[in-house]
Amino acid sequence: MNSPIVTRFAPSPTGYLHIGGGRTALFNWLFARGRGGKFLLRIEDTDRERSTPEATAAILRGLTWLGLDWDGEVVSQFERKDRHAEVAHQMLSRGTAYKCFSTTEEIADFREASNASYAVFRSPWREADPTTYPDAPYVIRMKAPRTGETVIEDRVQGTVRFQNDQLDDMICLRSDGTPTYMLAVVVDDHDMGVTHIIRGDDHLNNAARHKMIYDAMDWPLPIWAHIPLIHGPDGKKLSKRHGAVGVEEYQAMGYPAAGMRNYLTRLGWGHLDAEIFTSEEAMKMFDLDGIGRGPARLDFKKLENTCGHHMARADDAALLHELTAFMAVAGLDPLTETQRDLLSQALPFVKTSAKTFPQLLEKANFSLIFRPIAIDAAAQASLDTVSRGILKSLTLQLQNALWSKTELEPILTAAAAEAGIGFGKLAAPIRAALAGRTATPSVYDMMLVLGRDETLARLAEAAE
RNA sequence: GGCCCGUUCGUCUAUCGGUUAGGACACCAGGUUUUCAACCUGGGAAGAGGGGUUCAACUCCCCUACGGGCUGCCA
């Protein structure tokens, strides 16, 4: 039996949850959940200058909204700093690392002297005799091999080779005793038992350095899968000028989480003709081989379309629940009991044509407004004297009607015939009366949701 | 500068040496219709460029172009 799969998402808490990070988390989640494995969460907060608890909270909120649940406690990388230091010292005693007393000034001078800011720094302390060590602060550097090559077997990018003379002796432990990212990731991934590392391909080069640390400690290698970054619609690296980059912004725009997951899964991953699917279905299909090698562009039109499918298929109660949550983050007034009741009755038919929550609210607007109904200019145009008269007589005819579509249909049809107009001509003033606008759901659907009393009241009001 | 990665319709992708290069979004044209949508049908649309390897290349190799990443006592 194979060892259980363990994946992780390891964001640094310096801001909101980036949409690209959300997708990375999603891929890790799908992969682990689809194979009975574990999905862990670790906050890479070793940079004390830039890490904030607010950012951590925002990241957790974003993941929670996306529906990506993690196993166990959230790991704080910073809190593991003693363990990192311990490993650095183990490397020292294994002879795979050394103390370097070069100061940042000396390194800067070296770069300046070599007239190239990108020159590879070679520490003079690499082979120094410990008896010559000064009583001064030092960093612990990896004693990286200088010849040969380091080969990464990446599940997305394939075999990637690095010439070792291109790599420097990276710092593992800073002079203040805190670990650098390079050391911390490896130690944490090892200790947490991470078997598969799925992350952005901006880390592909780092993987070579990471491998050197695994090798230095004689630790088994994880399986790497470096996924391409997400780009904006123009093909450039996604940035704020493209609009929404934070996951929570998508929530605020009203995209349902299930649609968001579906869209993000298909962004950079494909499996035959699979397009619309639930997360459960995605877990069964998702595999590393299906991940594309090129960066994918965000396409809001397709996002919307995907969300539309999920909106239409959503369970009414769950949809109402998510809509309520959306209204809260969007800063909208909470629904009154009456609104909630009418809205849930409207949901079955308004959800089939809405793609986002604002659209859903827009289509269900008739169920949320109160008398007197504000009638916009376009709708007002259909309320001339003639149609007001028709509405008035219709009000009387509906007085004792049984309130079902089969009963209402013949009444409205007859009313149109009697007035010598087509049904469309009759529907327009009814829309105006019931919804105050020209674009509404079917007049029958609205009448049924509103009920006899409210319908008659609105018709009478418009007929005045 | 060096090193690394990428490149199939406008977009997301399928294809894993032999297909009329498939699907989806978007777009265009019809249809349905009680408005807006939604929905249905049809259509146009692709292997970055150049060399190889092979009976055969989108698929394998090389070069170029373009895009991206790394090159920190950031992650």
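Between A:Phe300 and A:Tyr250, the ring planes are parallel. Angles under 30° get that label, and only those over 60° would be called perpendicular.
Base pairing analysis places B:A65 opposite B:U7; the two distances defining the Watson-Crick or G-U wobble pair are each below 3.5 Å. Across all strands shown, nothing is found opposite B:U15 as a Watson-Crick or G-U wobble partner with both distances under 3.5 Å. Across all strands shown, B:G47 forms no Watson-Crick or G-U wobble pair with both key distances under 3.5 Å. When Watson-Crick and G-U wobble pairs are counted only if both distances are under 3.5 Å, B:U53 pairs with no nucleotide at all. For B:C28, the paired base is B:G42 (Watson-Crick or G-U wobble, both distances below 3.5 Å). Nucleotide B:C70 forms a Watson-Crick or G-U wobble pair with B:G2, both donor-acceptor distances falling under 3.5 Å. Under the Watson-Crick or G-U wobble criterion, with both distances below 3.5 Å, B:U59 is left unpaired in every strand shown.
Straight-line distance from the CD1 atom of A:Ile171 to the P atom of B:U71: 13 Å, rounded to whole Å. Rounded to whole angstrom, the span from the CD1 atom of A:Ile421 across to the P atom of B:U35 amounts to 14 Å. The CE-C1' distance, from A:Met142 to B:G72, rounds to 18 Å in whole Å. A:Leu361 places its CG atom 16 Å from the C1' atom of B:A37, with the value rounded to the nearest Å. Rounded to whole Å, the distance from CZ on A:Arg209 to P on B:A75 is 13 Å. Rounded to an integer number of Å, the gap from A:Arg8 CZ to B:A75 P is 14 Å. Here B:A75 presents its P atom at 12 Å from CD1 of A:Ile213, a figure rounded to the nearest Å. Distance, A:Arg48 CZ to B:A75 C1': 13 Å, rounded to whole Å.
The distance from the CG atom of A:Asp189 to the CD1 atom of A:Ile197 is 4.0 Å, given to the nearest 0.5 Å.
Annotation: B:G17 and B:C61 have their C1' atoms spaced 14 Å apart (nearest Å). Nucleotides B:U8 and B:G49 are separated by 11 Å at their P atoms, to the nearest Å. Look at the P atom in both B:G6 and B:U59: the space between them is 14 Å, to the nearest Å. For the P atoms, the distance linking B:A48 with B:C58 amounts to 10 Å, nearest Å.
Qualifying side-chain contact (heavy atoms from CB on, under 4.5 Å) partners for A:Ala88, counting only residues two or more places apart in sequence or in other chains: A:Ile140, A:Leu173, A:Leu183. With sequence neighbours left out, the ring pair (Phe, Tyr, Trp, His ring centres under 6.0 Å) criterion links A:Trp403 to no other residue. Not counting sequence neighbours, the partners of A:Trp125 by the ring pair (Phe, Tyr, Trp, His ring centres under 6.0 Å) test are A:Phe101. In this structure, A:Phe9 has no ring pair (Phe, Tyr, Trp, His ring centres under 6.0 Å) partners at least two apart in sequence or on a different chain. In this view, A:Thr178 and A:Arg174, A:Asp176 satisfy the side-chain hydrogen bond (donor to acceptor under 3.5 Å, both in side chains) rule, not counting sequence neighbours. Considering only residues two or more places apart in sequence or on other chains, A:Arg161 meets the side-chain hydrogen bond (donor to acceptor under 3.5 Å, both in side chains) condition with A:Glu149. Evaluation of the ring pair (Phe, Tyr, Trp, His ring centres under 6.0 Å) rule for A:His310 yields no partner, not counting sequence neighbours.
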Q | B/S/- contact track for nucleotides 40-47 of chain B, protein heavy atom under 4.0 Å | A | --------
Q: Do nucleotides 4-27 of chain B as a string where each nucleotide becomes B, S or -: B if the base has a protein heavy atom under 4.0 Å, S if just the sugar-phosphate does, - if no protein is that close.
A: SSSS---SBSS-------BBBSS-
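Residue A:Arg111 places at least one side-chain N or O under 4.0 Å from the OP1 or OP2 atom of B:G72. The phosphate of B:A75 has OP1 or OP2 within less than 4.0 Å of a side-chain N or O from A:Thr46.
At a cut-off of 3.5 Å, with distance as the only test, a side-chain donor of A:Ser76 or A:Asp45 sits close to an acceptor on the other residue. Checked by atom type, the side-chain pair A:Asp299/A:Tyr263 shows no donor-acceptor distance below 3.5 Å.
No engagement by A:Met170 is indicated, since no non-hydrogen atom pair under 4.0 Å with the nucleic acid exists. The residue A:Ser102 sits close to a base: some heavy atom pair falls under 4.0 Å. Using a 4.0 Å heavy-atom distance criterion, A:Thr104 is classed as a base contact. Counting non-hydrogen atoms under 4.0 angstrom, A:His203 reaches a base of the nucleic acid. Using a 4.0 Å heavy-atom criterion, one finds that A:Ser12 contacts the sugar-phosphate atoms exclusively.
Aromatic ring centres of A:Tyr181 and A:His210 lie closer together than 6.0 Å.
Checking A:Arg8, A:Glu44, A:Arg80 one by one against A:Val75, the side-chain contact (heavy atoms from CB on, under 4.5 Å) holds for a single residue, A:Arg80.
Distances were taken from every side-chain heavy atom of A:Gln166 (C-beta onward) to each of B:A37, B:G2, B:A75; the shortest belongs to B:G2.
Note on residues 143-162 of chain A: no pairs pass ring pair (Phe, Tyr, Trp, His ring centres under 6.0 Å), not counting sequence neighbours.
Non-hydrogen atoms lying under 4.0 Å from RNA chain B are contributed by A:Gly424, A:Ala427, A:Arg431, all within residues 424-434 of chain A. The stretch residues 437-451 of chain A comes close to RNA chain B through A:Thr438, A:Ala439, A:Thr440, A:Pro441, A:Ser442, A:Val443, A:Tyr444, each having a heavy atom under 4.0 Å from the strand.
The base of B:C73 lies close enough to the side chain of A:Ser175 for a donor and an acceptor atom to sit less than 3.5 Å apart.
The minimum heavy-atom distance between A:Leu66 and A:Arg261, with the atom names listed, is O-NH1, 2.6 Å.
Judged by the 6.0 Å distance and 45° axis criteria, A:Lys211 is not positioned over the aromatic ring of A:Tyr214.
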